[in-house]
Student: 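Below: one structure in structure tokens.
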Amino acid sequence: MKDKKQHVYIIGSKGIPAKYGGFETFVEKLTEYRSDSKIQYHVACMAENSAKSGISTKNFEYNGAQCFNVDVPKIGPARAIYYDIAALKQAIQIAKENQNQRPIFYILACRIGPFIGSLKQQIKQLGGKLFVNPDGHEWLRAKWSYSVRQYWKYSERLMVKHADLMICDSQTIEKYIRKDYRKYDPKTTYIAYGTDLEKSRLTASSPEVCEWFKQKQVQPNEYYLVVGRFVPENNYETMIREFMKSDTKRDFILITNVEQNKFYDQLKKRTNFDQDQRVKFVGTVYDQELLKYIRENAFAYLHGHEVGGTNPSLLEALAATKLNILLDIGFNREVGEDRALYFKKSEDSLKARINEVEENHKSFVKERRAAPIAERFCWDYIIDEYEKEYLGG
């Protein structure tokens with residue numbers, strides 16, 4: 001009997017079960033919320049990520065998806081490129097062996113542009129299509145040297161050139177792809193990233209809540225909060241400096257990874273934040289229910305992300321936190337709309353905004369909560385949009 005399923009191969013996440021990361025969470029939800037039985041997912045996984053869940057077999061099933069492990073040698077920054085190429089080759093081989101009809105290969109991020117041409121030919125020979133999620137502006141990230149940034153930009157161009165469809169999770173990114181690569185006349189579509197809109201199941205008396213707030217010496221509703229990767233382009237320096245200049249007596253709680261981080265030491269020298277008792281780096285929180293509770297009980301949330309598309313931590317904050325203060329750029333405006341307040345990178349902008357919030361918190365909260373986060377960011381809606389794209393493609 002002929003296989004009538006639409007086979008979709010997902011390449012570029014570390015894999016599922018998800019342990020952390022935006023793409024990993026996306027793939028977890030994509031498979032978990034699948035509603036059309038005609039779609040069969042195949043997910044490439046890093047063997048070391050699977051090992052964290054006690055999975056050591058070459059192939060396994062999770063959320064109804066057929067997952068396959070890829071061993072990735074420790075070869076430094078080129079690991080991600082090696083992984084994507086190896087995973088895509090393996091996916092093409094599986095599709096051939098299974099004689100899949102019109103398979104879709106969906107690659108998350110633009111890491112393998114210089115190698116995609118010959119692989120795209122193999123996909124065409126299968127009657128398949130190449131879908132790509134361009135992610136954000138990887139070539140603008142401060143952690144990369146000039147030559148690496150040049151590679152990312154070149155790689156992105158070639159991925160756009162060879163893709164049958166670019167799926168952008170930010171309208172700003174979609175506009176950029178269409179404008180910067182108009183010579184390729186790229187086919188694009190916008191499907192947002194998603195977030196969980198339900199409240200935390202934890203309460204003030206939950207043991208993990210009591211332990212965390214006591215251990216970190218934090219009082220509910222008496223702190224500004226930020227959650228995100230500890231990298232320069234997330235504007236930690238601006239947020240810390242401006243917070244320290246503000247009049248607030250509340251704490252600034254930073255949930256982020258700072259272990260053995262040179263940026264942390266540089267920031268300490270430049271801002272002397274260690275001399276301000278309000279600024280508290282509290283490490284990471286992997287318990288998602290606890291993290292949601294911490295967001296819900298923040299006085300306000302600060303968001304300084306400048307590079308990338310729709311940021312998962314921003315959606316989570318908008319869904320949970322009473323008041324959000326965001327860096328005023330296109331990525332953040334398109335998601336925050338009228339639900340948030342905004343600040344500029346210019347001196348005293350965030351300081352003034354924090355002082356204003358201290359004076360008018362109740363009225364600001366009342367105004368913004370009248371416009372809850374849009375349904376277009378809930379996972380059910382987003383997965384439905386993806387399934388329409390797969391089955392229509």
Side-chain angles (χ1 to χ4, degrees), residues 142-143 209-286 290-307 311 313-314 316-317 320-329 332 336 340-362 364-365:
K143 67 177 179 177
V209 169
C210 297
E211 183 184 348
W212 189 88
F213 278 88
K214 183 180 178 184
Q215 184 187 29
K216 306 301 181 184
Q217 297 182 305
V218 177
Q219 295 299 316
N221 296 303
E222 289 296 320
Y223 57 92
Y224 290 77
L225 177 68
V226 64
V227 180
R229 284 193 302 162
F230 195 62
V231 290
E233 59 267 20
N234 288 352
N235 285 294
Y236 281 95
E237 182 169 351
T238 297
M239 291 190 291
I240 289 170
R241 199 183 293 281
E242 293 294 307
F243 180 88
M244 288 170 65
K245 289 194 294 185
S246 75
D247 300 330
T248 183
K249 301 290 191 292
R250 293 178 171 84
D251 289 331
F252 185 20
I253 303 302
L254 299 102
I255 295 180
T256 187
N257 53 314
V258 296
E259 299 87 358
Q260 299 174 325
N261 193 306
K262 289 179 187 173
F263 177 49
Y264 178 84
D265 297 326
Q266 292 166 359
L267 208 53
K268 189 155 63 172
K269 282 180 187 171
R270 290 203 292 262
T271 65
N272 295 314
F273 66 73
D274 54 322
Q275 294 172 29
D276 189 326
Q277 292 184 336
R278 298 172 299 170
V279 179
K280 296 178 178 177
F281 284 87
V282 297
T284 49
V285 176
Y286 290 116
L290 176 58
L291 187 55
K292 199 185 290 187
Y293 186 90
I294 294 165
R295 285 190 174 105
E296 289 168 359
N297 287 275
F299 183 75
Y301 186 89
L302 301 183
H303 187 78
H305 287 50
E306 191 169 9
V307 176
N311 183 264
S313 65
L314 172 56
E316 287 156 359
T321 311
K322 293 183 283 290
L323 190 62
N324 293 269
I325 308 171
L326 320 179
L327 179 64
D328 193 359
I329 59 168
N332 298 335
L341 301 172
Y342 296 89
F343 70 93
K344 307 279 189 187
K345 283 178 76 173
S346 54
E347 191 170 353
D348 290 343
S349 173
L350 179 55
K351 169 196 160 187
R353 189 53 100 185
I354 290 171
N355 289 339
E356 193 180 7
V357 164
E358 289 290 321
E359 293 287 325
N360 304 293
H361 188 261
K362 282 186 180 176
F364 280 144
V365 169

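None of these values were measured; they are calculated from a predicted model. Worth knowing before you read on, the calculation uses all heavy atoms, side chains too, and leaves out hydrogens, waters and symmetry mates.
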Student: Kindly compute the distance separating CD1 (I255) from OG1 (T284), expressed to the nearest 0.5 Å.
Tutor: 9.0 Å
Student: Could you check I240, I325, N355 and say which one makes a side-chain contact (heavy atoms from CB on, under 4.5 Å) with L350?
Tutor: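 So, applying the side-chain contact (heavy atoms from CB on, under 4.5 Å) to L350 and each of I240, I325, N355, only I325 qualifies.
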Student: Under 4.5 Å between any side-chain heavy atoms of F281 and F273, yes or no?
Tutor: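 SC-SC contact between F281 and F273 confirmed.
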Student: For the side chain of N234 and the backbone of Y236, is there at least one donor-acceptor N/O pair under 3.5 Å apart?
Tutor: no
Student: Would you name the heavy atoms of S313 and V227 that are closest together and state the gap between them?
Tutor: OG-O, 3.4 Å
Student: Using modelled atom types only, decide if a donor and an acceptor are shared between the side chain of N332 and the backbone of H305 within a distance under 3.5 Å.
Tutor: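 Yes; judged by distance alone, with no hydrogens or angles, the pair exists.
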Student: Using a 4.5 Å cut-off on heavy atoms from C-beta on, say whether the side chain of T256 contacts that of V258.
Tutor: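 The answer is yes; the side chains approach within 4.5 Å.
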Student: Using side-chain heavy atoms (C-beta onward) and a distance below 4.5 Å, is K216 in contact with I253?
Tutor: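 No - every pair of side-chain heavy atoms lies 4.5 Å or more apart.
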Student: About how many Å separate OG of S246 and CD of E358, when rounded to the nearest 0.5 Å?
Tutor: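 Here the rounded value is 7.0 Å.
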Student: Flag the pair K268 and D274 as a salt bridge only when some basic side-chain nitrogen lies within less than 4.0 angstrom of an acidic carboxylate oxygen.
Tutor: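 Between D274 and K268 there is no salt bridge, as every charged N stays at least 4.0 Å from the carboxylate O atoms.
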Student: Tell me whether Q219 at atom CD has more than 12 heavy atoms from other residues, nucleotides or ligands lying less than 6.0 Å away.
Tutor: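 Result for CD/Q219: open.
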Student: Within the side chain of S349, is there an N or O that forms a donor-acceptor pair under 3.5 Å with the backbone of K345?
Tutor: no
Student: Would you confirm whether the ring centroid of F252 sits within less than 6.0 angstrom of the ring centroid of Y224?
Tutor: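 For Y224 and F252, the ring centres are not under 6.0 Å apart.
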Student: Do K351 and F243 have side chains that approach each other closer than 4.5 Å (heavy atoms only, starting at C-beta)?
Tutor: no
Student: Taking all non-hydrogen atoms of both residues into account, name the closest pair between G336 and L326 and its distance.
Tutor: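 Minimum heavy-atom contact is CA-CD1, 4.1 Å.
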Student: Under 4.0 Å between a side-chain nitrogen and a carboxylate oxygen: does that hold for E347 and K245?
Tutor: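 Salt bridge: yes.
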Student: Atom CG in L341, atom CD1 in I354: separation rounded to 0.5 Å?
Tutor: 11.0 Å
Student: Could you grab the distance from atom CG of D276 to atom CG of D251, nearest 0.5 Å is fine?
Tutor: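 With rounding to 0.5 Å, CG (D276) is 9.0 Å from CG (D251).
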Student: Just by modelled atom types, is the F230 backbone N or O under 3.5 Å from a matching donor or acceptor in the Y264 side chain?
Tutor: no
Student: Kindly indicate whether the side chain of S346, heavy atoms from C-beta on, has any atom under 4.5 Å from the side chain of E242.
Tutor: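 A side-chain contact under 4.5 Å is absent here.
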Student: In the structure I gave you, are the side-chain heavy atoms of L291 and R295 within less than 4.5 Å of one another anywhere?
Tutor: yes
Student: If you look at every heavy atom in Y301 and V226, which pair is closest and at what distance?
Tutor: CE1-CA, 4.1 Å
Student: With distance as the sole criterion, is a donor-acceptor pair present between the side chains of N221 and K322 under 3.5 Å?
Tutor: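 There is such a pair between these side chains.
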Student: Suppose we screen for salt bridge (Lys or Arg N to Asp or Glu O under 4.0 Å). Which residues come up paired with R241, at least two apart in sequence or across chains?
Tutor: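 If we apply the salt bridge (Lys or Arg N to Asp or Glu O under 4.0 Å) test to R241, skipping adjacent residues, the hits are E237.
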Student: Looking at E222 and K249, is any side-chain nitrogen of the basic one under 4.0 Å from a carboxylate oxygen of the acidic one?
Tutor: no
Student: Given side chains that start at C-beta, do those of F343 and L327 come closer than 4.5 Å, heavy atoms only?
Tutor: yes
Student: Set out, in order, the CA-CA distance, both residues' side-chain angles and the distance that settles side-chain contact (heavy atoms from CB on, under 4.5 Å) for L290 and V209, then state yes or no.
Tutor: CA-CA 7 Å; L290 176 58; V209 169; 4.1 Å; yes
Student: Minimum heavy-atom separation for V231 and F263, please, with both atom names.
Tutor: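 For V231 versus F263, the nearest heavy atoms are C-CE2, 3.7 Å.
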Student: Can any side-chain N or O of Y223 pair as donor or acceptor with the backbone N or O of R278 at less than 3.5 Å?
Tutor: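 No, the answer is negative, given that no donor and acceptor are paired below the 3.5 Å cut-off.
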Student: Using side-chain heavy atoms (C-beta onward) and a distance below 4.5 Å, is V357 in contact with L323?
Tutor: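 Contact flag for V357/L323 side chains = yes.
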Student: To the nearest 0.5 angstrom, please state how far the CD1 atom of I329 sits from the CD atom of E306.
Tutor: 5.5 Å
Student: Salt-bridged, K344 to D328, with N to O below 4.0 Å?
Tutor: yes
Student: Please report the interatomic distance OG1(T321) to CZ(F299), rounded to the nearest 0.5 Å.
Tutor: 12.5 Å
Student: Kindly determine whether N272 and Q275 satisfy side-chain contact (heavy atoms from CB on, under 4.5 Å), including the steps that lead there.
Tutor: CA-CA 6 Å; N272 295 314; Q275 294 172 29; 3.8 Å; yes
